[in-house]
Amino acid sequence: MSTPEPSPPRLSLGTLSSLGSSLRPAIDPRAVAVGIVHLGLGAFHRAHQAIFTEDAMLATGELSWGICGASERSSAAVDRLRPQDGLYTVAARDANDEALRVVGALREQLFALGNPTELRQRLSDPTVHVATVTVTEKGYRHDPASGHLNLEDPEVAADLAGRPPRTVVFQLVAGLRARFAEGAGPIAIVSCDNLPGNGVLLHRLVSEAAEHLPPPEATALLDWMAANVTFPSTLVDRIVPATTAADVAHISARLGLHDAAPVVTEPFSQWVIEDAFRASRPAWDTAGALITRDVVPYETMKLRLLNASHSAIAYLGGLAGCATVAEALDNSDLADYAKRLMDEDASPTLRVPDGFDLAAYKASILARLANPALTHSLAQIAADGSQKLPVRLLATARDALAGGTDFRWVALAVAGWMRYMTVRQADDASPIVPDDPLAGAVSHAAAGADNPRSLVARLLGIEEIFGPDLRESAAFSQMLVGDVDHLAADGALRTIAMALHGR
Ligand code: CS2
């Protein structure tokens, strides 16, 4: 009988010393105190803000910026990270290299839904000066078209009724109330999600939630917030696909320690942060972040170029049967399509900061998307399109319609989304199963549409996504009808080829 291979010991503070010095955290995790609360303990945060924060601690020697990370949707990340003392590996990969580093900045982990009191206490701790947020677009529970808190959302309604908060906006309100009551001083709440003016949006939603408190308390809290709480907007950029079991096995083998929570990413990383802090903050600029007065142009460029291409490729590539971004971009028509979407439709709508090299930026985006070392699933990007479309694609369409510029490629992406969301209604053998908070509303709207024209009209009628205006544009609707028709009749690749080459 063969004896099973002994599994490698678990990554933890106790086993760190077995790693070579180039792999170990740049700072001594034991010496780090918590100064940041993070909401949304997903892979993206761990590959992005946690690294900037650790590097800033290293550059300045100020070890008071450790992170208390709260997971929001499930306790899975906490369950994996706690046994390893919050340590995890970041693997930055491209075609030539895979660089590993173990990160030590994440000093505490808690499951927000299971521990609302601990979360509130951490948010009202005088040693905490920053709360960062990555909860994805739908975590804001707002109406994407109007930008207001969605009071019809049952989770929002339940939080309003006064249970221990389960939505991020109300968790923040609870933390701010406690902070105000305890005189714990100013704090910055830093949204790091892919939403334009993310700080302005989060400020509005938190204020709207606070307004529902009994009147004297609401007024006092809002006055205190005006003097003590800022909501800087930020642009965040790093491609971080979901970690796979193969990644866990590969990285653990390279470390010689079992890491149940590694993160795989690309070498590139960017953070542009609005200079709006009343509280102290880590010197993120020493770690390569750009602190600037106006983040909006950077956010808009990234959303309308990188994220728009991502979503367009997710729907059109997904319909064509591709599984990953790199696989889709290996098809020269899909790659050309993404380039033309950026050049012809998105670029004319952008305000480009002085001295910024837009052509180089777009070229770098295409190269990053094609990174063959990443297994970035199109289904992951396609998820939650109802929340992503308005900021990535429809904003460009609106500006193009108003300014008389082109929207041919944007329309094809939106038609791709329409087909993607409804293909199973037309063909129950299709492997595409949409994952979207508005999937029910979309299928309901699509049911009974018996031709492309009525399908497009019904879907454009969903105001949470398309607002009241886009259905009024005959030119936009007509283009969508033609594209939806072609996609159904000829498939995505033929439709794209015909659009690109006229054959
Ligand atoms: C992607 C983003 O999943 C998605 O929708 O478009 O997560 C994208 O990878 C990041 O924004 C890159 O910074």
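Counting starts at 1 for both ligands and their atoms, following the listed order.
The residue H48 has no part lying near ligand 1, judged by heavy-atom distances below 4.0 Å. In R238, the part holding a heavy atom less than 4.0 Å from any atom of ligand 1 is the backbone.
At a cut-off of 3.5 Å, with distance as the only test, no side-chain donor of S309 or K339 sits close to an acceptor on the other residue.
Of all protein heavy atoms, the one closest to atom 13 (O) of ligand 1 is D237 OD1, 2.5 Å. When only non-hydrogen protein atoms are considered, atom 9 (O) of ligand 1 lies nearest to H310 CE1, 3.2 Å. Nearest to atom 7 (O) of ligand 1 among the protein's heavy atoms is N194 ND2, 4.1 Å.
Listed by atom number, the atoms of ligand 1 under 4.0 Å from K388 heavy atoms are 3 (O), 4 (C), 5 (O). Residue H376 approaches ligand 1 through these ligand atoms, each under 4.0 Å from one of its heavy atoms: 9 (O).
Rounding to the nearest 0.5 Å gives a distance of 15.0 Å between CG of L412 and CH2 of W417.
Relative orientation of the H45 and H38 rings is parallel, given thresholds of 30° and 60° on the angle between their planes. Ring-plane geometry between W284 and W271 is classed as tilted, the angle between the planes lying from 30 to 60 degrees on a 0 to 90 degree scale. Between H48 and F44, the ring planes are parallel. Angles under 30° get that label, and only those over 60° would be called perpendicular.
The option with the heavy atom closest to atom 8 (C) of ligand 1, from among D193, I313, N307, is N307.
Distances shorter than 4.0 angstrom occur between a heavy atom of K302 and an atom of ligand 1.
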- For H486 and R494, what are the C-alpha separation, side-chain angles and deciding distance, and is it a side chain to side chain contact (heavy atoms under 4.5 Å, CB included)? CA-CA 8 Å; H486 275 159; R494 289 265 308 135; over 6 Å; no
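Below 3.5 Å of separation, one finds an N or O of R392 facing an N or O of ligand 1.
Annotation: cation-pi pair R46/Y88 present, NZ/CZ under 6.0 Å from the ring centroid and within 45° of its normal.
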